[in-house]
Visitor: 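Would you mind keeping the following structure in view while I ask a few things?
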Amino acid sequence: QVQLVESGGGLVQAGGSLRLSCVASGRTFSIDTMGWFRQAPGKEREFVAAINWSGYSRYYRDSVKGRFTISTDNAKNTVYLQMNSLKPEDTAVYYCAADRARYSSNQGAYDYWGQGTQVTVSS
């Protein structure tokens, strides 16, 4: 079993920055890939970014490339999502997820999920 605890959401103005954190606990040795997803009101949950624990592979949805950075601190069992140059369309609940298998952008491939943290970007 793996537990994920997210933090770092909040309200920022357009152009601002936030850093989301997700701490994994439990049987973290089983995790291959960590990902971030988001869901805006009335919209389907969508892939944002993913990384394997080695840090060699990083993936982003096109709309956040160059603005968001996903990273890990393996010693702390933590994954981060640094979000810069935020836009109102980034407003959503952001979810941390863990995948026991290799990378996927499909939310159905992920085995564990955090509770979500709200990110609101004002214009």
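Quick note: residue numbers are just sequence positions, from 1.
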Visitor: Any side-chain donor-acceptor pair under 3.5 Å between T91 and E89?
Guide: no

Visitor: Is T120 reaching over with its side chain to a backbone N or O of L11, donor-acceptor style, under 3.5 angstrom?
Guide: no

Visitor: So do W36 and V79 actually touch side chain to side chain, heavy atoms under 4.5 Å?
Guide: yes

Visitor: Search all heavy atoms of S21 against all heavy atoms of T78 and return the closest pair with its distance.
Guide: CB-CG2, 4.4 Å

Visitor: Does the side chain of S17 come under 3.5 Å of the side chain of N84 through a donor N or O and an acceptor N or O?
Guide: yes

Visitor: Determine yes or no for a side-chain-to-main-chain donor-acceptor pair under 3.5 angstrom, with E6 supplying the side chain and G116 the backbone.
Guide: yes

Visitor: Does a donor on one side chain sit under 3.5 Å from an acceptor on the other, for S104 and N106?
Guide: no

Visitor: Looking only at atom types and distance, does a side-chain atom of Y60 sit under 3.5 Å from a main-chain N or O of I70, one as donor and one as acceptor?
Guide: yes

Visitor: Please report the closest heavy-atom contact between Q118 and A92, naming both atoms and the distance.
Guide: NE2-O, 3.4 Å

Visitor: Please check if the side chain of R67 supplies one atom and the backbone of S85 the other of a donor-acceptor pair under 3.5 Å.
Guide: yes

Visitor: Nearest heavy-atom pair of T33 and A101: which atoms, and what distance?
Guide: OG1-O, 3.6 Å

Visitor: Write down the atom of R102, the atom of D32, and the distance for their closest heavy-atom approach.
Guide: CA-OD2, 3.1 Å

Visitor: With a 6.0 Å cut-off on the ring centroids, do Y110 and F37 count as close?
Guide: yes

Visitor: For K65 and D62: C-alpha separation, side-chain torsions, deciding distance, then whether salt bridge (Lys or Arg N to Asp or Glu O under 4.0 Å) applies.
Guide: CA-CA 5 Å; K65 289 180 179 177; D62 288 343; 3.0 Å; yes

Visitor: So which atom in A49 and which in L81 form the shortest heavy-atom distance, rounded to 0.1 Å?
Guide: CB-CD1, 4.2 Å

Visitor: Backbone N or O of Y56 within a donor-acceptor pair of the N52 side chain at under 3.5 Å?
Guide: yes

Visitor: Looking only at heavy atoms, which two atoms of R61 and F47 are closest? And how far apart?
Guide: NH1-O, 2.8 Å

Visitor: Okay, side chain of R45, backbone of Q39: is any donor-acceptor separation there less than 3.5 Å?
Guide: no

Visitor: Give me the ring orientation class for F68 and Y94: parallel if the planes are under 30° apart, tilted from 30 to 60°, perpendicular past 60°.
Guide: tilted

Visitor: What distance separates D99 CG from S105 OG, expressed to the nearest 0.5 Å?
Guide: 11.0 Å

Visitor: Evaluate D111 against R100 for salt bridge (Lys or Arg N to Asp or Glu O under 4.0 Å), listing each step before the verdict.
Guide: CA-CA 7 Å; D111 303 290; R100 291 176 293 183; 3.2 Å; yes

Visitor: Are side-chain heavy atoms of I31 and W53 found at a separation under 4.5 Å?
Guide: yes

Visitor: Does a side-chain heavy-atom distance below 4.5 Å link M34 with C22?
Guide: yes

